[in-house]
Protein chains: 2
Amino acid sequence: MPKRENNSGTAIQTIRRACSILKCFTEENPELGVTTISQKTGIHKSSTSRILSSLQNEGFVEQNAQSSKYRLGLGLVSLAGLVLERLELRDVAQPIIQKLARITQETINISVLKEDESVNIENINSPQPIQHIGLLGRRTPLHCTSTGKIFLAYMTKDERQGLLDETLKSYTQYTVTDRKALEEDLEKIRRQGYAVAHQEFKEGLSAVAAPLFDHNGMVIATISISGPTYRMKKDKIETYLPYLLETSEEISSKLGYSKL
Amino acid sequence: MPKRENNSGTAIQTIRRACSILKCFTEENPELGVTTISQKTGIHKSSTSRILSSLQNEGFVEQNAQSSKYRLGLGLVSLAGLVLERLELRDVAQPIIQKLARITQETINISVLKEDESVNIENINSPQPIQHIGLLGRRTPLHCTSTGKIFLAYMTKDERQGLLDETLKSYTQYTVTDRKALEEDLEKIRRQGYAVAHQEFKEGLSAVAAPLFDHNGMVIATISISGPTYRMKKDKIETYLPYLLETSEEISSKLGYSKL
DNA sequence: CCACATCGTTGCGTCAGGCGCAACACTGTT
DNA sequence: AACAGTGTTGCGCCTGACGCAACGATGTGG
């Protein structure tokens with residue numbers, strides 16, 4: 001048997017396998033067949049079938065009755081709900097950002113830093129039906145998102161070095177891949193207290209983000225407004241900014257932060 | 001080795017074990033130690049430790065650096081996000097219910113039926129900080145919640161028989177445990193097109209719910225307003241009702257439902 | 001301040017349980 | 001009707017997950 005199928009170190013294989021199967025499902029491929037999964041993961045078809053069947057018993061995946069393809073199950077939502085509940089931040093922030101959502105009519109996200117990515121833990125989607133940008137739980141890179149740059153800007157240079165890859169991956173023609181240019185951008189973000197990103201991660205997508213501080217003055221999360229680039233021009237962003245900063249300050253102060 | 005640790009049939013033990021470990025975590029006990037989990041599940045301490053370690057590699061659990069206790073991880077949120085995204089209903093409903101949340105200032109939930117429980121797939125919490133009633137992913141019983149009674153009311157009697165236990169479990173002194181009384185309640189709910197529950201599931205908790213129909217005229221979900229009983233008196237509910245029904249009709253029509 | 005209790009982790013040898021193989025039932029296509 | 005595709009399932013082999021016990025770390029009470 002091949003020693004390492006996808007990832008790290010010492011762990012129970014069955015669990016590693018089960019997880020790698022779960023991770024096959026994406027936004028683009030929400031339903032997958034046994035054979036496809038088997039190919040993607042390199043796990044034998046029979047094992048794949050058995051693992052899926054086990055996961056189904058637990059409600060982690062469901063099987064489409066007609067196509068007999070599998071998809072992720074509601075059991076995951078229950079567990080994830082507990083994770084989200086643990087984050088007091090979310091309780092505090094939710095009512096407050098509703099006002100911001102109403103004013104801007106754009107998508108609002110709250111994200112936390114998890115390893116070398118930021119993870120959305122709360123989102124209110126824009127009522128304007130363009131594209132769903134604010135998927136709950138979505139992970140995005142740090143160096144090319146407004147949210148991520150906030151995290152980078154408010155950590156020490158050493159921490160930053162540890163998290164960023166050698167070469168900054170380019171996602172669009174606007175992605176900043178030069179280390180020095182990024183550092184300058186971060187310096188500017190620290191000065192002004194917010195971060196902007198235009199199409200640095202995805203074409204046609206723009207966002208503004210501000211930091212959320214806890215009682216220790218640490219940045220524990222970010223709040224961001226995002227929307228299609230054509231709606232998020234400079235003047236529009238300048239209109240939103242005071243509301244964004246007001247909101248972030250209100251949440252931070254409820255988390256026990258004082259500016260002193 | 002004992003044949004059945006907790007649940008059904010033929011499945012890979014490691015996965016069943018891993019899942020039963022994950023399911024140890026609750027709202028009341030969000031952080032657990034290896035020994036505690038081992039006792040709860042009946043799995044040997046060493047195996048428990050190894051399984052947790054594997055799950056940690058996958059981001060499904062995290063370990064508190066100080067106490068070295070475990071808690072559920074953000075990796076689950078990413079997967080659950082994909083589940084929620086799959087439900088087009090959620091995209092459609094989210095912008096619409098924001099208006100309802102603003103008007104009522106109470107907690108709004110959207111739930112779907114999953115086996116013999118209803119599962120919250122979307123919630124907007126009340127800005128009034130009393131208690132968090134609308135946990136995402138929370139599962140609630142059918143016969144004593146406004147949401148659940150909607151599902152029961154709009155299914156056939158046979159389906160209902162299949163889902164309800166022999167004896168209706170009593171959660172509070174107000175829980176309807178008499179089969180006949182429940183049927184009468186459901187009949188009333190069908191007539192008026194909404195369901196009310198006062199403290200039937202939890203003391204001090206009240207809610208009103210209405211059905212959401214898809215293009216086939218099937219009830220696929222419910223929308224509910226919930227809050228503390230002292231705020232949800234009869235007159236208050238009557239004030240909310242037209243807004244609730246208007247909202248549910250708006251969502252249903254966007255799902256392709258027409259009243260004809 | 002040390003003995004003790006309790007925590008979570010880890011080598012080790014064993015054997016149960018997960019594995020790959022191949023045959024299977026089933027569906028939809030040529 | 002033959003076929004290529006799906007997902008599922010006995011079967012027997014052998015690997016890999018298991019329980020045991022020892023370990024280091026932590027903290028607690030005498």
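Throughout, a chain's letter reflects where its sequence line sits, starting with A, and its residues are numbered from 1. Side chains are part of it too, since the values below use all heavy atoms of this structure and drop only hydrogens, waters and symmetry mates.
Salt bridge present: A:R138 and A:E27 bring a charged side-chain N and a carboxylate O closer than 4.0 Å. Comment: B:K114 engages A:E62 in a salt bridge, judged by a side-chain N to carboxylate O separation of less than 4.0 angstrom. Ion pair B:K23/A:E58 flagged as a salt bridge, since at least one NZ, NE, NH1 or NH2 atom sits closer than 4.0 Å to an Asp/Glu carboxylate oxygen.
Within the 4.0 Å cut-off from OP1 or OP2 of D:dG7, at least one side-chain nitrogen or oxygen of A:T35 is found. Within the 4.0 Å cut-off from OP1 or OP2 of C:dG20, at least one side-chain nitrogen or oxygen of A:R17 is found. OP1 or OP2 of D:dG16 has not a single side-chain nitrogen or oxygen of A:T14 nearer than 4.0 Å. Regarding contacts with the backbone of C:dA16, every side-chain N or O of B:Q13 stays at 4.0 angstrom or more from both OP1 and OP2.
Regarding B:I15, its CD1 atom lies at a distance of 13 Å from the C1' atom of D:dA17, rounded to whole Å. Separating the CD1 atom of B:I12 from the P atom of D:dG16 is a distance of 14 Å, rounded to the nearest angstrom. B:H44 places its NE2 atom 12 Å from the C1' atom of D:dA22, with the value rounded to the nearest Å. Across the protein-nucleic acid pair, A:I51 atom CD1 and C:dG20 atom P stand 9 Å apart, rounded to whole Å. Atom CZ of B:R16 is separated from atom C1' of C:dG17 by 11 Å (rounded to the nearest Å). Going from atom CD1 of A:I37 over to atom C1' of D:dG5 covers 16 Å, rounded to whole Å. We find that CD1 of A:I43 is positioned 8 Å from P of C:dG20, with the value rounded to whole Å. A:R71 places its CZ atom 15 Å from the P atom of D:dG7, with the value rounded to the nearest Å.
Screening residues 142-156 of chain A for salt bridge (Lys or Arg N to Asp or Glu O under 4.0 Å) gives A:K149-A:D185, A:K149-A:E200 as the qualifying pairs, with residues at least two apart or on separate chains.
Side chains of B:T41 and B:S20: no donor on one and acceptor on the other come within 3.5 Å. A donor-acceptor contact closer than 3.5 angstrom is absent between the side chains of B:S54 and A:R16.
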Identify all pairs in which a protein N or O lies below 3.5 Å from an N or O of nucleotides 9-14 of chain C, and state each distance.
unit_1 : atom_1 : unit_2 : atom_2 : d
C:dT9  : OP1    : B:Q63  : NE2    : 3.1
C:dT9  : OP1    : B:Y70  : OH     : 2.9
C:dT9  : OP2    : B:S49  : OG     : 2.9
C:dT9  : OP2    : B:Y70  : OH     : 3.4

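In this structure, B:Y171 and B:F201 have perpendicular ring planes: the angle between them is above 60°, well past the 30° mark.
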